[in-house]
Amino acid sequence: MQNPHILVIKQLVIEGQSGSQWTPIVKGIDLTLKKGEVLGLIGESGAGKSTLGLAAMGYTQQGCRISSGSIQFNGMELVGALKSDLRRLRGNRIAYVAQSAAASFNPAHRLIKQYAEAPIQHGLMGFAEAEQKAVDIYRQLLLPDPENIGYRYPHQVSGGQLQRAMVAMAMACQPDIIVFDEPTTALDVTTQIEVLAAIKQITREYNTAAIYITHDLAVVAQLADRIMVLRHGNLVEESDAREMLADPKEDYTRQLLSVRTLRDGKALSIFDRDVILEVENASASYNGSDMVLEEIDLSIKRGRTIALVGESGSGKSTLARVITGLLPPSQGRIIFDGQELPGKLADRDRETLRRMQMIYQMPDTALNPRQRISKIIGRPISFYADINGREKDVRIKELLDMVELPATYMDRYPSELSGGEKQRICIARALAAEPDLIICDEVTSALDQLVAEGVLQLLQRLQAELGVSYLFITHDLATVKAIADEIIVMLNGRIVDAGSARCGLRNHCPIGQGAASTLIIGVGLNGRGKNKLPHLACLLTRLRRCVNGPIQ
Amino acid sequence: MTLFIISILIFVGVEALPGDLTEAVLGQSATPETVAAFRKELKLDLPPHIRYLSWLGGIVRGEFGNSLANGRPIADLIGWRIGNSLFLAATTAAIAVPLSILLGIVAALYRNSFFDRAISMVTLSTISFPEFFVAYILIALLSVQLIIFPSISNINAQMPFLEKIHAIVLPCLTLTLVVVAHMMRQTRAAIINILASPFIEMAKLKGLKKTRIVIFHAFPNALSPVINVVAVNLAYLVAGVVIVEVVFVFPGLGQLLVDSVSKRDIPVVQASGLIFASVYITLNLLADMLSIISNPRLRNPK
Amino acid sequence: MAFFKLLRSSPLSARIGLAIVLINIAAAILAPVISPYGETEIVGDVWVSPSPDHYLGTDHLGRDLFTRLVYGARNTIAIAFVTTVLSFMVGALCGFFAATLGGWTDLSLSRGVDIIMAFPTLIFALMVLSVVGTSITSLIIVIALLDSTRVFRLSRAVAMDIEIMEFVEAARLRGEGTWWLMRHEILPNAMPPLVAEFGLRFCFVFLFIAALSFLGLGIQPPTADWGSMVMENAGAITFGIFTPLVPAGAIAFLTVGVNLIVDWFLHLASGLED
Amino acid sequence: MEETVTATLSPICVPLPAHADTPKKGGRLRLGLSGGSTTDSLDPATIPDAVPQSVNWSLRNNLVEISADGKPVPELAESWESSPDASQWIFKLRQGVEFHNGKTLDAQDVVESINHHRGKDSKSAAKGIVDPIKEIKADGKDTVVFVLDGGNADFPFIMCDYHLTIQPAGTKGAEFEKGIGTGGYMLVAHEPGVRALTKRNPNYWKEGSAYFDEVETISIADYSARTNALKTGQVDLINRCDVKTVHLLKKAPGVQIVRVTGTKHYTLPMRTDMAPFDNNDVRMALKYAIDREQMLKLILRGYGSVGNDHPIAPSNRYHAADLPQRKFDPDKAKFHLKKAGLSGHTFKLHAADAAFGGAVDAAVLLKEHAAKAGIMIEVVKEPNDGYWSNVWLKKAWCTCYWSGRATEDWMFSTAYAADAKWNDTFWKHDRFNQLVTAARAELDDAKRREMYGECQKIIRDEGGVIIPMFADYVEASSNKLRHGKLAGNWEMDGQRLPERWWFA
């Protein structure tokens with residue numbers, strides 16, 4: 001009798017090397033997978049889900065090793081198997097779809113060549129046949145121009161298409177299992193949906209079993225038959241997908257599932273009408289001719305949060321650069337607290353610079369890895385306020401306290417901190433200057449869900465306490481919903497709509513009426529062509545599902 | 001433009017050298033009268049800027065002028081020497097470039113293996129010896145002990161091609177040893193750098209063989225740094241081999257330049273300096289172009 | 001201490017490299033103590049074979065080779081070190097300036113360096129040294145300047161990579177001056193590649209001095225330096241006398257040592273585990 | 001195998017039987033020579049060094065040549081005679097000599113060839129030696145008359161100078177590069193600083209001369225490269241052997257060493273017009289502070305002879321053999337230094353190998369010697385490049401060499417007479433100057449010997465120059481080469497090797 005389970009993992013322990021020590025990453029996990037079944041692996045970063053996923057292929061990343069346990073694929077033991085045997089399996093019977101297709105496609109070769117590589121190398125078919133199949137699969141995955149898209153180089157295709165091409169590549173040998181490692185995380189919301197749909201369709205069609213790794217419950221809910229929740233290398237909970245979504249057993253799972261709390265209606269402060277920043281008719285370009293920003297008008301009130309939304313390339317970050325003075329506008333004015341600012345950073349005085357601070361998307365690159373926390377936070381204090389010595393240390397501790405970090409962090413380097421903690425340090429650094437306005441550029445998009453939520457809450461609390469204004473740049477609707485008072489939607493370097501955030505989203509305004517819906521149109525239209533409007537309705541439903549959590 | 005500035009710099013540089021051609025040529029037997037007469041004949045008594053401008057005028061018309069020291073046309077003087085220099089450089093490159101890339105790939109393929117370490121130690125040692133010393137050792141081994149190759153490579157225009165090749169085996173080998181290390185290490189480093197990319201992991205997960213991964217996936221993406229290091233080494237092979245030329249009595253451009261500097265033969269220095277500079281610039285341009293061609297991202301814009 | 005912890009985790013090759021470098025430095029510092037004869041003292045016949053009196057025999061003037069080698073370590077390492085430090089000070093400073101200020105400064109500096117680099121280094125050094133003479137000072141300055149063009153390129157490229165990091169932008173937005181940016185934001189992050197390059201350049205410098213010695217513009221005799229020692233004794237190799245192999249070996253030995261450390265260091269800095 | 005031929009100008013030399021075989025024609029001689037440069041030309045006025053010297057003399061002849069015995073013998077001149085006061089010289093030319101281009105030699109060619117070096121516009125290095133010629137005229141087709149501004153009994157020697165070769169009348173500028181002359185070989189190819197290829201002149205007028213079919217002269221600047229080329233049989237002869245390795249080279253199979261003691265000597269000129277060398281005690285102190293034997297042994301490895309602080313070689317006609325040899329004497333050195341009141345002074349010696357191979361080593365050695373006498377010397381290494389224009393004649397004390405001159409008068413009036421252009425010690429000694437002038441016109445041999453003897457003593461004890469040693473010309477060749485008695489006036493058999501040697 002044939003075993004119904006195509007993959008059986010038992011008591012698997014995987015260790016990772018840190019320095020000269022080996023520490024367990026996956027701590028004795030059991031996993032089974034039936035033919036055609038989709039298993040969702042969910043957890044925050046560091047939960048060991050990717051390591052586990054890769055282990056299903058008998059593969060560990062550099063610096064990792066399988067220390068005990070067994071992995072059986074179709075009855076064959078993969079732990080300790082010959083390298084050549086494993087190689088024959090990989091790409092052939094078990095395929096892998098990586099998080100970033102852009103990085104995982106070899107930039108030097110055409111897509112079709114990379115598609116055909118596995119079947120040819122595994123001796124399944126010749127190039128002509130592979131080419132034929134590729135076109136079929138491309139078509140099934142709704143890739144545009146399936147006959148020719150294979151002959152493009154990876155950089156010539158958009159991110160969503162590339163991710164689908166990678167799914168196609170994984171399908172090339174019609175494997176029994178595909179391991180999807182966060183295949184949609186790096187994508188815009190709209191493209192996420194396209195890719196998810198494609199994955200769902202194709203796995204059903206070929207009855208391929210799949211392990212789907214993600215940190216986003218909304219996503220896994222769409223696909224998985226069964227879900228395993230991992231944390232710190234341990235299994236937290238495992239059950240049928242519907243069951244888990246309906247009735248999570250563990251606190252942690254519940255936490256992951258909980259819909260983000262919307263901010264309470266904020267009492268209008270006395271500064272409500274007080275405008276801190278105004279941008280008038282600003283245009284800018286990097287090379288003098290191609291305008292990246294055109295005729296932007298914008299005003300931010302004291303103590304309020306404005307969200308600037310739009311897809312990548314819509315000019316959001318450029319606008320931030322113009323406001324901060326990194327890119328002088330080619331026309332228009334920037335008025336800060338009633339005073340017109342010089343366009344160039346170098347011409348602005350220190351006081352102005354102090355009152356406008358910035359927080360970045362990637363805390364990793366925003367913090368100098370060679371400076372201690374005390375220096376990172378301390379520098380603005382001594383720089384702007386000329387406070388030194390003990391007094392400065394006291395202030396640093398205050399700031400750390402404000403961002404809910406212990407004072408002992410002062411002597412640490414950024415690399416010794418987690419992502420969320422780093423972002424808090426960034427916030428502390430901005431606060432150290434005692435600013436009136438903080439520009440937040442995608443500050444949560446690099447963080448795990450729970451961590452991001454914590455950071456947003458912190459920002460809100462600080463706003464309430466300090467009366468600081470935020471210009472919040474994001475492409476993530478959940479964030480907008482969580483924090484913004486007003487929304488500005490940008491598309492192709494222009495502001496296409498603006499309005500109140502809360503009424504827009506809370507009321508589920510029909511298309512074309514509120515700000516939020518404009519946003520959705522803006523997002524939806526970008527890159528899809530306006531003649532495909534009928535498609536929008538369906539898109540909208542899916543999108544809303546993502547925003548509001550799973551509705552099944 | 002760069003060439004123009006270089007020509008001015010060279011001119012000023014040689015002008016700044018103490019003494020001039022007449023004193024250098026006459027040496028111990030220079031007397032004030034002979035020096036003055038000599039200067040007059042060579043128009044060295046004119047102010048420097050006028051000499052520079054007349055030289056520049058000549059260049060614009062495509063004339064390099066005559067050597068001050070022996071009155072020969074510089075074009076003749078330089079012509080066959082640059083041919084020789086290029087011949088030596090080309091022959092060396094023909095051996096060294098494929099060899100170092102191959103070694104680099106193999107070292108990257110079996111990195112941290114015995115082979116990798118051995119090859120890295122050997123190449124490291126070859127660059128750790130002074131160039132002339134490598135040359136002497138090769139001569140002592142291959143020319144004096146085992147009489148296989150000639151110890152001097154005084155090739156001339158009348159020599160048949162094969163004889164020429166035979167004559168330059170040792171300088172070629174010396175230069176190969178000198179440049180291979182650099183290129184090989186860079187190739188290895190570039191490939192290993194690429195090996196950390198996600199698409200390499202992807203390739204592994206496609207079940208590809210190690211060889212195929214390195215050659216087909218890593219190497220094409222490491223081309224750009226490899227091309228650049230090859231260009232730098234080629235420029236060195238053309239212009240920087242004075243010492244090898246001296247040791248092997250090879251009639252190349254470097255020796256001409258050194259001799260001319262010591263004799264203050266400004267037009268020759270100018271001309272050969274310009275040639276070196278143009279070789280350098282051309283090679284760099286070529287490297288940039290090849291980098292672009294080798295990179296589909298730059299070759300096929302969206 | 002962190003350093004020793006690091007050392008304990010270092011691979012064998014790095015330890016060998018470290019040992020080599022330490023031996024050389026010790027020899028350099030202790031030269032007057034461990035050498036049996038005076039640096040320039042003529043103690044015997046020419047090219048005498050090694051014996052208990054002369055551990056490595058004598059050189060082409062009948063000076064004790066071991067003594068010369070030890071003093072050579074002192075002079076060679078000192079000169080190469082000073083030169084390299086100087087070239088890094090100039091090169092890295094200009095490179096950082098070019099990267100941080102950009103625009104006109106960058107353009108003119110890069111162009112200038114391009115022009116110098118377009119001319120063969122050795123010949124360039126030859127010309128300049130002919131003008132200024134070959135004192136140790138001028139040798140150091142000329143080589144340092146020539147070398148600094150390479151350092152400039154590297155440090156500019158590295159600084160460019162760091163310059164686009166957001167923490168630099170953050171400092172810029174804070175209103176920090178160029179000097180702060182260079183000193184506190186860029187320099188600490190540019191250290192690993194620069195330190196690695198320092199090792200390579202250091203080796204290059206004494207090879208370069210050896211080449212200059214070959215062309216008669218090296219370090220003044222009777223000062224012992226390895227490059228000149230190879231050069232002075234090179235003629236012997238044709239006759240199967242091993243004398244010139246000794247200083248050449250010393251050069252190679254130290255270069256290999258430095259490179260082993262550099263490799264390890266680069267390995268650490270790249271974080272690539274393999 | 002080694003063979004020593006001392007004394008070009010002395011009568012002691014007996015040709016060795018091994019080389020007494022009859023010359024025969026044929027073969028291609030390949031010379032690997034130091035002393036060539038890419039800037040060389042074949043204009044005899046600016047010939048600087050060994051390679052063009054050798055090439056020039058294979059292509060062209062002089063009026064007079066110096067024989068292996070050191071005597072002036074007729075070359076293109078058949079005979080000569082002088083006026084009784086030796087101020088007018090008449091040279092009769094050889095009949096029927098043809099240039100390579102077919103032109104027959106006549107007096108006009110000689111007049112123009114010598115005039116090439118004279119006159120205001122001359123850039124010739126030989127200008128100094130032809131200056132005393134007041135007038136040259138052709139007397140018919142085969143007689144040339146020289147009128148000098150004073151008597152010179154040694155004038156035929158002057159005509160042997162390597163610059164004074166005879167070209168066809170009207171040769172100028174780039175035409176010199178064609179190498180047209182009356183010599184034993186004709187130019188085939190010439191690449192300055194690389195090689196010169198010549199082939200035998202079938203119409204060569206000189207009997208028993210120019211045996212090789214072809215002569216290829218290859219410039220090899222690097223000594224090790226020359227040695228290797230000889231050892232590997234790529235060349236048949238190399239010049240300027242490194243004396244440090246000669247004993248090793250000697251052992252190589254098929255190699256013979258050829259050495260000749262000539263007039264070449266190494267000097268350390270001190271400027272007597274500059275402090276502290278204006279004090280003769282300082283000069284004496286330094287002269288005593290040098291261990292000549294050790295220097296000869298270490299720098300020349302014995303390939304030479306010790307000098308006695310005067311420039312006249314043992315092979316010269318009037319060498320003062322009775323003059324006691326100066327020895328290393330630290331006590332005397334101390335004494336003189338103390339007398340000069342300069343104990344503890346540090347003397348700067350400027351040295352570069354451009355002066356002579358091993359000059360820097362010699363300077364270092366001197367420093368060591370002097371230290372034993374308590375004299376401190378600082379060796380300043382100068383770049384080779386520009387040495388002659390920046391250091392020599394400029395610095396107070398430096399290293400230098402002289403290839404020497406065939407006659408005492410020539411030597412003295414070139415470098416020691418008060419008005420000499422190359423008086424590199426800036427020395428002015430009245431008695432010495434009188435003696436030199438008087439001796440030049442003196443025809444009585446014994447008196448002349450006496451006068452020159454005194455000159456040598458004066459230079460030795462009061463002059464500004466230290467002459468530690470005379471250096472041999474040391475060449476190494478394939479043992480297939482044969483030669484007659486060797487000349488010592490220049491290296492390589494008086495630079496006439498291509499026409500005097502042959503293959504066994």
Side-chain angles (χ1 to χ4, degrees), chain A residues 50 53-54 56-63 83-111 113-124 151-158 166 169-170 172-173 175 178-179 181 186, chain B residues 101 104-105 107-113 116 187-228 230 287-302:
Chain A
S50 289
L54 286 170
M57 309 182 72
Y59 179 84
T60 50
Q61 276 174 318
Q62 267 170 9
K83 274 192 173 173
S84 53
D85 290 340
L86 284 174
R87 211 178 57 229
R88 242 168 269 137
L89 224 55
R90 291 178 193 153
N92 186 1
R93 301 320 320 148
I94 313 178
Y96 179 75
V97 174
Q99 173 168 8
S100 165
S104 300
F105 267 110
N106 190 330
H109 301 297
R110 295 173 199 277
L111 294 176
K113 215 169 161 189
Q114 302 192 50
Y115 172 92
E117 195 177 15
I120 293 174
Q121 291 299 314
H122 289 295
L124 299 179
Y151 292 92
R152 298 203 197 157
Y153 283 97
H155 71 274
Q156 293 172 310
V157 222
S158 75
M166 174 152 287
M169 192 160 81
C173 298
I178 301 181
V179 179
D181 192 355
Chain B
I101 289 177
I105 290 176
L109 194 56
Y110 301 104
R111 65 182 184 284
N112 293 336
S113 68
D116 179 28
T187 309
R188 177 184 179 272
I191 291 179
I192 289 185
N193 200 15
I194 295 290
L195 285 182
S197 312
F199 62 82
I200 295 297
E201 183 162 68
M202 188 69 218
K204 284 184 199 162
L205 292 174
K206 274 161 126 183
L208 301 180
K209 290 196 185 96
K210 214 171 173 186
T211 334
R212 187 175 168 85
I213 291 174
V214 168
I215 294 171
F216 187 76
H217 286 277
F219 182 60
N221 291 289
L223 265 179
S224 180
V226 172
I227 288 171
N228 272 304
V230 166
D288 285 349
M289 274 165 53
L290 280 175
S291 289
I292 289 175
I293 292 174
S294 74
N295 186 341
R297 200 178 281 271
L298 300 171
R299 186 178 59 207
N300 301 308
K302 275 194 184 178

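Because the structure is a prediction, the values reported are computed rather than measured.
For A:Leu54, the part sitting under 4.5 Å from any heavy atom of chain B is the side chain, from C-beta outward, and nothing else. Proximity to chain B is absent for every atom of A:Ala95, based on heavy atoms less than 4.5 angstrom apart. Residue contact with chain B, scored on non-hydrogen atoms closer than 4.5 Å, involves the backbone and the side chain of A:Tyr96 alike.
Screening residues 204-223 of chain B for salt bridge (charged side-chain N to carboxylate O under 4.0 Å, His left out) gives A:Glu117-B:Lys206, A:Glu117-B:Arg212 as the qualifying pairs, with residues at least two apart or on separate chains.
Interface check for chain B: of the options A:Cys173, A:Pro154, A:Ala103, the most heavy-atom pairs under 4.5 Å are formed by A:Ala103. Comparing A:Ser84, A:Ser104, A:Gly58, A:Gly91 by heavy-atom pairs within less than 4.5 Å of chain B, the highest count is held by A:Ser104. Note on A:Ala118, A:Pro107, A:Ala172: by heavy-atom pairs under 4.5 Å with chain B, the leading option is A:Pro107.
Under the 30°/60° scheme for interplanar angles, the aromatic rings of A:His109 and B:Phe216 are found to lie parallel.
Two residues are said to be in side-chain contact when any heavy atoms from C-beta on lie closer than 4.5 Å; B:Met202 and A:Gln114 fail this criterion.
With rounding to the nearest 0.5 Å, the separation of NE2 in A:His122 from CG in B:Leu208 is 6.5 Å.
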